[in-house]
Amino acid sequence: MMMNFEDIINSAKNRERKRMVMPCIDLYRSSISAPEDQGYSDEKSILKTVMTAAEAGLIEPILIGEERRIKEKLVSLEILEEKTEIIGEKEEIKAVNRAIQMIHDGDADLLMRGMTKTRGFLSAISDKDGLMKNNFLSYVSLFELKDRLMLLTDTYINDFPDLSRKIAIAENSIELAETFGIKKTKIAALSSIEYVNPAIPSTVDAAVLSKMSERGQIDAVVEGPLDIDAASSKIAAKRKGIDAAVPEEANVFLFPDIESAYAFYQFLIFLFGAEMTGTLMGTRSPVILNVGIGTPKSMVLEIALGVLRC
Amino acid sequence: MPTIKNFDQVFKIAEREDAMRMTVISAGDAEVMLTVKEARERGFIEPILIGDEDKIKEASKGADFNLDGVKIVHEREPQVMAYASVEMAIRGDAEMQMKGRLPTSYLYRAVIRKRFRSPGVKKFNVIDFYELPSIDHFIAITDSGINITPDFETKLEIIQNTVSIFHLLGYPEPSVLPLSAAREVNPDLVSARDNRLLRTARREGRVDDCVIEDAFSLSDLFLGYRRYFDRGNLDLSKTPHIFLTPNLDAGNILAKLYHLFEGVRWPAHIIGGAKTPVLIPSRGDDHRMMINNIAFGVAIAHLMEEKR
């Protein structure tokens with residue numbers, strides 16, 4: 001069973017090298033420079049990260065964009081370009097669609113967003129000719145908590161999921177947990193209180209999910225509603241009269257909505273110094289979304305996760 | 001007055017000042033009793049224990065707490081316990097109150113009465129004060145306990161209540177980040193709209209001195225954070241004083257996420273908008289966490305008295 005980020009990287013390295021396709025269009029051609037200060041979402045950082053993953057033996061990159069420009073870029077970054085396949089394409093949307101087509105044709109195993117606009121990229125993925133598996137996408141963030149991997153969902157895609165969407169979000173997280181070798185996933189369905197309160201809809205959803213798992217409708221142990229202290233600590237749970245398997249042992253925190261999930265994930269990064277990564281779930285082939293505030297390390301991990309899920 | 005930036009300063013005030021009379025609502029709980037005992041021994045409080053006398057006596061034995069000279073108000077009905085406590089606070093027989101083993105809704109029902117509100121206050125909120133390593137000021141998360149989905153006007157009240165406590169603590173212009181999950185894939189959330197409206201409201205003077213940050217999230221605020229990551233340590237001095245959460249779930253989950261980590265100075269949970277401090281430790285908190293909460297309440301009670 002994979003317990004930490006190192007295990008993820010090592011397991012991915014043991015797999016066969018995968019072909020990863022990435023649109024590589026310079027979106028900032030017309031502006032003065034890429035907004036490097038906004039994180040690592042600039043082309044230079046992304047290309048470097050992709051090459052790091054290639055050097056680690058995880059992937060063979062295939063870049064779609066203007067051939068001459070990409071070659072120059074690689075040379076200026078002192079990256080050897082002869083190993084990198086480049087496919088000529090000038091427009092962003094065409095490059096994304098071409099990349100998706102390559103996955104369909106079996107010419108590539110996984111797709112990375114790169115620096116294309118997330119919104120447009122996701123709608124191309126969601127298109128009927130895109131890469132959807134069950135017409136439902138969700139995002140799982142990941143960090144190391146003491147001796148295990150902790151999954152947080154949905155931290156990016158779904159804003160205010162209703163019960164049926166929460167079921168799908170839970171199922172996607174179970175699928176990812178299985179990739180890590182977790183046999184019976186433990187999910188804490190979080191809310192602001194551990195009692196069912198009809199005025200707080202998340203408590204009702206959590207209780208239903210919990211009951212569904214009890215009846216075998218969800219293939220995991222779902223406990224809820226749990227507030228975060230009961231979910232994090234057996235002692236705290238016990239003081240609240242909750243005697244269950246999930247407190248302190250949860251593999252997944254299932255959040256009530258995007259407001260709680262997104263802020264939680266950012267608090268962990270900025271205030272608690274946690275290293276995070278994540279992955280998009282619900283596609284036929286792995287898609288690396290490299291969202292917003294990823295660091296080079298988190299992006300390499302995201303690629304490794306993609307390789308594991310091929 | 002110097003700015004109170006951390007729990008060390010809070011404890012100094014609690015140790016220096018006279019003991020505050022504090023009601024403990026539904027006190028018959030060993031963990032609560034352990035905390036009350038320590039707080040009394042350290043001279044922070046003079047407790048008034050409200051609850052079932054038998055249960056109180058039993059819990060005090062478990063905590064090895066000698067009840068000689070401690071006032072006990074015998075009461076079995078949770079709602080009546082809460083009313084009795086708030087009445088004492090209104091009459092001036094107690095300077096502060098703490099929730100013991102009581103479902104919080106009973107306390108809210110008692111506290112919300114007009115006579116117990118600070119002048120001009122219409123709504124209450126729960127505020128959680130944190131001290132985090134490498135941040136040289138208190139941070140607060142709100143609302144973690146009362147308003148389930150606050151509308152814009154309620155958010156304004158929540159900010160006002162919280163800013164008032166920061167003013168008491170010696171921060172003339174605390175910064176406020178109204179959190180929103182607005183992001184590239186969906187920028188059109190209610191929380192994002194309210195975030196913008198709150199800035200306008202501040203400019204119009206509808207809330208006392210504070211800065212409403214021009215940001216939706218920490219990543220917005222730390223724009224340029226890459227430099228800090230590259231250097232290996234993030235400069236957290238820009239961390240806002242107050243995080244306003246869009247809803248109760250977000251507030252409660254963020255306010256208590258410290259349970260995941262060791263080494264965090266335990267936060268204090270306090271009600272905003274009340275005339276005198278009302279402490280509402282989470283029932284998951286143990287006595288090490290609750291003693292911080294009491295010290296914080298004592299400091300606030302003292303600062304409120306000074307202001308009066």
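Naming: A, B, ... by sequence-line order, numbering from 1 per chain.
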Toward chain B, the part of [X] with a non-hydrogen atom under 4.5 Å:
X	answer
A:L145	side chain
A:N197	neither
A:F121	neither
A:A230	neither
A:E194	side chain
A:L268	side chain

Might you point out which heavy atoms bring [X] and [Y] nearest each other, and give the distance in Å?
X	Y	answer
B:L260	A:K146	O-NZ, 3.7 Å
B:L179	A:E259	O-OE1, 4.4 Å
B:T239	A:L271	CG2-CD2, 3.8 Å
A:D159	B:R183	OD1-NH2, 2.9 Å
A:I228	B:N252	CG2-O, 4.0 Å
B:R101	A:K240	NH2-CA, 4.4 Å

Counting only heavy atoms not in [X], do more than 12 fall under 6.0 Å of its [atom1]?
X	atom1	answer
A:D162	CG	yes
B:E58	CD	no
B:K55	NZ	no
B:D151	CG	yes
A:R148	CZ	yes
A:I235	CD1	no

Rounded to the nearest 0.5 Å, how far does [atom2] of [Y] lie from [atom1] of [X]?
X	Y	atom1	atom2	result
B:I253	A:S232	CD1	OG	10.0 Å
A:R239	B:E31	CZ	CD	4.5 Å
A:S233	B:K256	OG	NZ	11.5 Å

Test log, rule side-chain contact (heavy atoms from CB on, under 4.5 Å), inputs A:F270 and B:L221:
CA-CA 10 Å; A:F270 290 105; B:L221 196 72; over 6 Å; no

Side-chain contact, heavy-atom cut-off 4.5 Å: A:Y262 with B:L189?
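No, their side chains stay 4.5 Å or more apart.
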
Considering only heavy atoms and a distance below 4.5 Å, find which of A:G120, A:S123, A:S202 pairs most often with chain B.
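Top count of heavy-atom pairs under 4.5 Å with chain B: A:S202.
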
Sort [X] into side chain, backbone, both or neither according to what part of it lies under 4.5 angstrom from a heavy atom of chain A.
X	result
B:L177	neither
B:D29	neither
B:L248	both
B:D249	both

Donor-acceptor pair, side chain of A:Q266 and main chain of B:S219, under 3.5 angstrom:
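Yes: the side chain of A:Q266 pairs with the backbone of B:S219.
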
Top contributor to chain A contacts, counting heavy-atom pairs under 4.5 Å, from B:A182, B:A181, B:S180, B:A250
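Top option by heavy-atom pairs under 4.5 Å: B:A181.
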
Among B:I148, B:L257, B:T245, which residue forms the greatest number of heavy-atom pairs with chain A at distances under 4.5 Å?
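Of B:I148, B:L257, B:T245, B:L257 has the most heavy-atom pairs under 4.5 Å with chain A.
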
For the pair B:F243 and A:F267, evaluate ring-ring contact (aromatic ring centres under 6.0 Å, His included) and give the outcome as yes or no after the intermediate values.
CA-CA 11 Å; B:F243 291 92; A:F267 265 50; 4.8 Å; yes

